[in-house]
J.: 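I am attaching a structure below and will ask some questions about it afterwards.
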There are 2 protein chains.
Amino acid sequence: MSAVLKTEKPTREHILDAATRLMHVSGYRGTSLDDVLRESGVGKGNFYYYFKSKEELGYAILDRLVRGFVERTLEPSFADPSLPPLDRIHRFLDGVLETQRQRNCVGGCPMGNLASELSDVHEGFRRRLAEIFMRWGERLTEAVREAQSDGSLAPACDAGRLAQFLVASLEGAILMSKVTKEIQVMETCVCELKAHLTHYATGAPASINPGLGRARTPGFAAGTGPAQSVGGAIGRVGAEPPSEL
Amino acid sequence: MSAVLKTEKPTREHILDAATRLMHVSGYRGTSLDDVLRESGVGKGNFYYYFKSKEELGYAILDRLVRGFVERTLEPSFADPSLPPLDRIHRFLDGVLETQRQRNCVGGCPMGNLASELSDVHEGFRRRLAEIFMRWGERLTEAVREAQSDGSLAPACDAGRLAQFLVASLEGAILMSKVTKEIQVMETCVCELKAHLTHYATGAPASINPGLGRARTPGFAAGTGPAQSVGGAIGRVGAEPPSEL
DNA sequence: GGATATGTACCGACTGGTTGGTACAGGACC
DNA sequence: GGTCCTGTACCAACCAGTCGGTACATATCC
């Protein structure tokens with residue numbers, strides 16, 4: 001023991017880690033306090049010392065989640081000065097895709113999940129989530145504007161609306177690859193979104209979608225069976241969660 | 001009373017109606033059996049006469065939901081011979097948008113909600129949902145192909161991938177307008193999707209997004225507050241549910 | 001420096017209520 | 001009288017949240 005490093009890892013952080021992991025897979029309602037306590041090894045009384053309710057735990061998770069997302073995914077892409085503005089957007093899209101690939105399509109977007117689960121049932125969560133998505137959209141808008149003043153995107157295009165569309169489509173893409181458990185769905189969507197951006201490029205005559213993708217992915221072709229879930233991937237997330245979203 | 005019309009409305013249907021309504025807003029886990037029983041006025045023993053478990057009730061809801069969606073939204077759009085193929089796709093997109101508008105952005109897509117809530121937690125639901133989205137995508141693929149052979153969409157474009165993208169983006173758009181409670185978000189996305197299709201048109205030089213929308217909607221512009229929820233819209237769905245999705 | 005007090009961190013039993021599900025008795029209709 | 005329905009009483013498991021109490025390090029006072 002001794003006083004070598006007193007702050008080994010504060011209990012509050014332990015709770016947040018466990019709860020974030022569990023709720024990412026099972027949702028807010030699907031995760032009981034007892035689950036969180038068991039997973040984190042913290043007693044009940046201790047939990048209520050740090051959080052006054054499950055609701056407040058949820059808020060704390062959301063706060064930490066969005067901070068991690070901004071720091072680890074959003075800003076590293078958009079604030080990279082070595083990349084041309086349009087490439088920064090591409091890198092962002094690829095980043096989100098890679099996160100889903102690393103997770104084997106398990107969990108989806110934690111913010112999107114909470115939005116789906118709680119928006120119509122808990123106004124406090126709804127408001128916070130709406131604000132999170134708005135901020136995300138605003139940051140993307142900025143990135144689009146940079147690409148416009150750089151000349152790689154047409155200035156006539158409404159940056160805010162395009163950004164809104166990108167956010168929504170990404171969320172949908174994550175959800176669809178979560179339900180099909182096929183990363184190919186997300187690959188297709190990201191590729192299609194890049195094509196959409198390209199179409200707004202200043203002088204581009206527009207390329208056509210199959211040419212942009214990797215290795216000719218299937219899409220909805222013949223009536224082959226769906227899913228064939230990745231062996232035991234359900235509920236298993238590689239040890240340390242790679243990163244948020 | 002009397003035998004005028006014996007099948008006034010079978011109990012099973014009553015249960016399904018109530019459960020569908022409740023789960024659309026509160027989700028699968030957020031809706032208890034007691035809620036369903038209270039809402040439908042059916043006793044517990046009676047419920048378990050028709051359904052052997054809550055899970056089976058969920059499956060039944062899903063079956064009815066997808067049937068309704070195909071009959072009331074998908075086919076009326078895609079099977080309309082009076083419309084040129086590309087317009088059929090537009091009409092479908094508009095239909096989904098209108099449904100959300102009528103619902104005041106409450107509920108979102110019931111299939112999308114279940115997918116988000118259960119995909120990583122219940123393999124049976126996940127498989128069924130994946131198949132539903134696949135069938136939906138296949139029907140859209142067909143529609144895209146018709147537009148291709150008609151000449152209004154470029155034949156080089158991969159119909160399956162485009163359809164997959166449309167489904168995912170629509171789901172994302174519904175989710176985002178559910179969380180922001182602003183139909184404008186969905187309007188923007190639908191408009192952007194139409195533009196995306198236009199870009200794949202055979203000879204089109206591509207129009208730019210603001211020109212396609214209605215009345216110049218805001219997007220992510222200044223840092224104005226979000227949401228400002230529609231007066232009392234939360235949880236309120238206009239008497240009879242207008243239609244599914 | 002020793003007794004007293006205070007604040008932080010923690011524990012696990014307990015409460016009242018809800019959950020999905022069962023058992024079973026009685027009614028309606030043929 | 002038997003099959004098809006239906007209402008009610010009941011169950012164990014689980015839920016979020018409360019409670020009384022403990023351990024301990026640091027301050028306060030004499």
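Per chain, numbering begins at 1; letters A, B, ... match sequence-line order. The figures that follow rest on heavy atoms only: side chains count, while hydrogens, waters and symmetry mates do not. Everything quoted here is computed from the prediction, not taken from an experiment.
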J.: Taking only the side-chain nitrogens and oxygens of A:Asn46, find out if one of them lies under 4.0 Å from OP1 or OP2 of C:dA9.
T.: no
J.: Over how many whole Å does the gap from A:Tyr48 atom OH to C:dG12 atom C1' extend?
T.: 14 Å
J.: Could you check how far CD of A:Glu13 sits from C1' of C:dA9, rounded to whole Å?
T.: 16 Å
J.: Which donor-acceptor pairs under 3.5 Å do side chains of residues 45-53 of chain A form with protein atoms, sequence neighbours excluded?
T.:
residue, atom, partner, partner atom, Å
A:Ser53, OG, A:Glu55, N, 3.4
A:Ser53, OG, A:Glu56, N, 3.1

J.: What integer distance in Å separates B:Leu33:CG from D:dC14:C1'?
T.: 15 Å
J.: Counting only side-chain N and O atoms of A:Lys54, is one of them less than 4.0 Å from OP1 or OP2 of D:dA16?
T.: yes
J.: Given atom CG of A:Asp34 and atom C1' of C:dT18, what is their separation to the nearest angstrom?
T.: 14 Å
J.: Is a side-chain N or O of B:Lys44 found less than 3.5 angstrom from the main chain of B:Leu37, in a donor-acceptor match?
T.: no
J.: With no angle test and no hydrogens, is the base of D:dA16 tied to the side chain of A:Lys44 by a donor-acceptor pair under 3.5 Å?
T.: yes
J.: Identify, between A:Gly45 and A:Thr31, the residue whose nearest nucleotide on DNA chain D lies closer to the 5' end.
T.: A:Thr31
J.: For A:Met176, is there any backbone N or O sitting under 3.5 Å from a side-chain donor or acceptor partner on A:Thr180?
T.: yes
J.: How close or far is atom P of D:dA9 from atom CZ of B:Phe47, stated in whole angstroms?
T.: 20 Å
J.: Between C:dG21, C:dC11, D:dC15, which one does the side chain of A:Val42 approach most closely?
T.: C:dC11
J.: Kindly say if B:Ser32 contacts the phosphate of C:dT18, meaning a side-chain N or O under 4.0 Å from OP1 or OP2.
T.: no
J.: For A:His14 and A:Gly41, indicate whether the former's side chain and the latter's backbone hold a donor-acceptor pair under 3.5 Å.
T.: no
J.: Round to a whole Å and report the spacing from CZ of A:Arg38 to C1' of D:dC15.
T.: 12 Å
J.: Under 4.0 Å between a side-chain N/O of A:Tyr49 and OP1 or OP2 of C:dA9, yes or no?
T.: yes
J.: Which whole-number value in Å describes the distance from A:Lys52 NZ to D:dA16 P?
T.: 16 Å
J.: Would you say B:Thr11 places a side-chain N or O within less than 4.0 Å of OP1 or OP2 belonging to D:dT6?
T.: yes
J.: Check this one for me: any side-chain N or O of B:Tyr50 less than 4.0 Å away from OP1 or OP2 of D:dT6?
T.: yes
J.: Take the protein atom NE2 of B:His14 and the nucleotide atom P of D:dC5, then report the distance between them rounded to whole Å.
T.: 15 Å
J.: Kindly write out the residues that satisfy side chain to side chain donor-acceptor pair (under 3.5 Å) with A:Glu75, not counting sequence neighbours, or none if the list is empty.
T.: A:Arg139
